[in-house]
Amino acid sequence: MRTLNKYIAGISTAVVLLTAMSCSKEFYTDKNKNPNAPNSALPNVLLTPVEVSLAYAQGGDMSRFASMFVQQTTGVSRQSAAYNEYVFTNQDPESLWDNLYTAAMYNDYNLMQICNNGQYNAYKGITEVLMAYSLQITVDCWGPIPYSQAFQGANNLKPAYDNDRKLYATIDALCYQAINDLNNTANDALSPGSDDVVYFGQTGEWIEFAHAILARIFIHQSQTGNGNAAMADSALAHVALSFASNADNAQVSFGLAANNNAPNYQFYTQRGDISYVNGFFGVLSTTNDPRKFALIDSANQSQGNYLDAYYQLANSPVEFICYDEMNFIAAEATIRTNGSASAAQNDYTNGIQADIAKVSSNPTIYGAGNPNPGMMGAPTTAQINAYLAEPGIGTLSANTDSALAQVANQEYIALYMNPEAWALWRRSTKIPGFANGSPALLPVSGPFQSDGIPRRFLYPQSELNLNGSNVPSATEWSPRVFWDN
């Protein structure tokens with residue numbers, strides 16, 4: 001993404017133009033219709049709220065829950081302390097579920113309908129990519145979810161839950177339809193521009209994003225060791241059609257105004273019950289990782305205070321999929337399709353260097369005014385080369401499983417605060433000889449330590465109350481998402 005330097009507005013617009021409707025529990029009758037209000041809107045009015053709502057949903061509870069599961073952050077007080085010990089109730093994922101379904105996917109579904117007339121193919125393609133991505137991250141957190149019967153209001157107040165494997169096929173279809181629509185925009189009556197806060201109307205970038213989603217879902221379905229090489233090969237093919245540099249990253253950046261701050265910044269400055277330093281900073285320190293001071297401002301961290309690090313700034317991005325991840329997927333796929341670590345070396349190194357360059361790119365986190373001595377300037381070439389020269393870091397092992405674990409460990413660092421890190425860790429536990437994943441994570445002490453690190457989210461209480469006959473029985477550990485079996 002080209003960095004968004006202006007403030008992002010639009011959440012209120014979404015509320016005014018498309019009142020959020022749950023997939024299962026809320027609807028409006030004819031008595032609620034305003035005869036003076038239009039029943040549709042142009043797509044350029046609706047796109048920004050959909051994109052920002054999706055970023056808030058991912059960058060909010062989804063990021064916080066997942067980052068605690070994979071021990072990138074630590075809950076230290078109040079609710080977060082309970083979450084850190086895997087103590088959840090069905091009420092805890094309620095806000096996340098509602099934000100995904102009402103603010104993001106429901107509005108996106110309506111936008112797809114508006115664009116389904118052949119006059120807005122660019123917008124239609126963008127909405128399909130956004131829906132595909134929304135489904136991917138939601139399926140990866142819950143498994144089966146409503147989709148084929150969702151968003152129908154009074155016509156279906158109790159939508160069925162679709163099989164998660166079949167939903168992956170839906171994601172695949174949405175991406176290919178989006179690519180087709182984005183390649184056929186010559187006769188569009190209206191084209192996206194500044195209302196698209198991800199790519200500013202650059203349809204070629206959206207096509208690359210669609211291929212990145214496909215690369216991700218194919219690598220999810222390719223098990224490690226002696227797994228499905230065809231899936232890994234498909235992932236590799238889509239990586240080649242995806243991002244070419246950090247400039248292509250799919251993300252939403254937020255603003256410095258109080259009502260435009262990034263979700264992580266809002267939460268941590270208002271609540272302050274999560275720590276960055278515990279655990280993850282120690283992992284980065286043991287290898288002299290040049291990203292450690294860009295990712296975690298250890299010297300200044302104080303609960304509830306401003307944190308001066310790449311993902312904790314007021315205008316930090318919420319990243320969907322980035323170039324560094326594509327390199328790591330390529331490295332993993334290469335190892336698993338031909339067993340050659342040496343053939344994957346270039347992609348692996350590129351992934352590390354791309355992430356270092358990305359998180360070191362914001363000058364706000366460096367400078368003489370910063371009291372943290374470790375942040376006196378971005379990493380130098382010498383520091384980066386020294387890191388890559390450390391044992392087990394820069395050079396992939398000749399052993400296939402060990403090489404896969406190395407790739408997973410570096411991708412885990414690159415996916416800091418991204419819920420995809422949780423999906424990655426779950427997959428990495430399938431590497432023979434790496435039962436605790438890569439990195440090797442052990443469950444935290446607490447009432448559920450013996451159950452292990454959670455493999456999925458609980459379904460929200462509202463669904464149990466209002467759509468209970470369709471909600472699958474589930475705990476935080478079972479049943480697992482289909483690719484995690």
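Predicted model only: the values in this text are computed from it and were never measured. Here, residue 1 is the first one in the sequence, and each next residue gets the next number. What's counted below: heavy atoms across the whole structure, side chains too, no hydrogens, waters or symmetry copies.
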Check: W142 main-chain N/O paired with R456 side-chain donor or acceptor under 3.5 Å: yes

Residue pair Y412, F280: steps toward the side-chain contact (heavy atoms from CB on, under 4.5 Å) verdict: CA-CA 11 Å; Y412 162 84; F280 191 67; 3.6 Å; yes

Contacts of Y133 that satisfy ring-ring contact (aromatic ring centres under 6.0 Å, His included) - sequence neighbours left out: F209, F320

Check: S402/Q406 side-chain N/O donor and acceptor closer than 3.5 Å: no

Close side-chain approach of L54 to M105, heavy-atom, < 4.5 Å: no

Check: N418 side chain, E319 main-chain N or O, donor-acceptor pair, under 3.5 Å: yes

Nearest-0.5 Å distance, OG of residue S242 to CE of residue M326: 5.0 Å

Review item, side-chain donor-acceptor pairs of residues 478-485, under 3.5 Å, at least two apart:
| residue | atom | partner | partner atom | Å |
| --- | --- | --- | --- | --- |
| R480 | NH1 | D484 | O | 3.4 |
| W483 | NE1 | D140 | OD1 | 2.9 |
| W483 | NE1 | Y168 | OH | 3.2 |
| D484 | OD1 | K430 | NZ | 2.6 |
| D484 | OD1 | R455 | NH2 | 2.9 |
| D484 | OD2 | R455 | NE | 2.9 |
| D484 | OD2 | R455 | NH2 | 3.4 |
| N485 | ND2 | F482 | O | 3.4 |

Residues in side chain to side chain donor-acceptor pair (under 3.5 Å) contact with T475, at least two apart in sequence or another chain: none

Y387 versus D289, side-chain donor and acceptor atoms under 3.5 Å: yes

Summary of salt bridge (charged side-chain N to carboxylate O under 4.0 Å, His left out) pairs that have at least one residue in residues 405-421, sequence neighbours excluded: R216-E420

side-chain hydrogen bond (donor to acceptor under 3.5 Å, both in side chains) contacts touching residues 434-450 (sequence neighbours left out): none

With sequence neighbours excluded, residues passing salt bridge (charged side-chain N to carboxylate O under 4.0 Å, His left out) with D181: K124

Atom of A333, atom of A232 and distance for their closest heavy-atom approach: CB-O, 3.3 Å

Of T203, I179, D248, the residue whose pairing with E208 passes side chain to side chain contact (heavy atoms under 4.5 Å, CB included): D248

Pairs meeting criterion salt bridge (charged side-chain N to carboxylate O under 4.0 Å, His left out) with involvement of residues 434-453, two or more places apart: none

Check: G193 main-chain N/O paired with D195 side-chain donor or acceptor under 3.5 Å: yes

Between CG on residue N180 and SG on residue C175, distance to nearest 0.5 Å: 13.0 Å

Taking every non-hydrogen atom, the tightest pair across N338 and S340: OD1-N, 2.8 Å

Side-chain heavy-atom pair Q71, I453 within 4.5 angstrom cut-off: yes

With D355 via salt bridge (charged side-chain N to carboxylate O under 4.0 Å, His left out) - residues at least two apart: R291, K358

Results of salt bridge (charged side-chain N to carboxylate O under 4.0 Å, His left out) for D108 - residues two or more places apart only: none

Side-chain touch Y101/S134, heavy atoms, less than 4.5 angstrom: no

E325 and I329: CA distance, side-chain angles, deciding distance, side-chain contact (heavy atoms from CB on, under 4.5 Å) verdict: CA-CA 6 Å; E325 181 185 343; I329 288 177; 3.8 Å; yes

Expected output: side-chain S360 to main-chain A357 donor-acceptor under 3.5 Å: no

Exercise: identify the closest heavy-atom pair between I274 and F267: CD1-CE2, 3.9 Å

Main-chain N/O of V76 paired with S80 side-chain donor or acceptor, under 3.5 Å: no

Considering all heavy atoms, the nearest Y265-L313 contact: CB-O, 3.5 Å

Side-chain heavy atoms of N327 within contact of Y348, under 4.5 Å: no

Any side-chain heavy-atom pair of L96 and N99 under 4.5 Å: no

Side chain Q251, main chain V318, donor-acceptor under 3.5 Å: no

Parallel, tilted or perpendicular, as decided by the 30° and 60° cut-offs, for the rings of F457 and W422: parallel

T429 vs L441 side-chain heavy atoms within contact, under 4.5 Å: no

Check: S63 and N264 side chains under 4.5 Å, non-hydrogen atoms: yes

Side chain to side chain donor-acceptor pair (under 3.5 Å) partners for W206, two or more places apart: D196

Any donor-acceptor N or O pair under 3.5 Å, side chains Y123, E128: no

W425 vs F69, side-chain contact (heavy atoms from CB on, under 4.5 Å): CA-CA, chis, key distance, verdict: CA-CA 10 Å; W425 178 82; F69 290 163; over 6 Å; no

Exercise: identify the closest heavy-atom pair between S316 and A262: O-CB, 3.6 Å

Contact check, side chains of Y86 and V444, non-hydrogen atoms, under 4.5 Å: yes

Polar side chain donor-acceptor pair, S77 to D273, under 3.5 angstrom: no

Under 3.5 Å: donor-acceptor pair, side chain of Q202, backbone of Y199: yes

Counterpart residues, ring-ring contact (aromatic ring centres under 6.0 Å, His included), relative to Y83 (two or more places apart): F65, F88

Evaluation steps, side-chain contact (heavy atoms from CB on, under 4.5 Å), between F254 and N261: CA-CA 6 Å; F254 290 82; N261 293 160; 5.9 Å; no

Shortest non-hydrogen contact between G75 and M68, atoms and distance: N-SD, 3.6 Å

Partner residues of D347 under the side chain to side chain donor-acceptor pair (under 3.5 Å) criterion, sequence neighbours left out: none

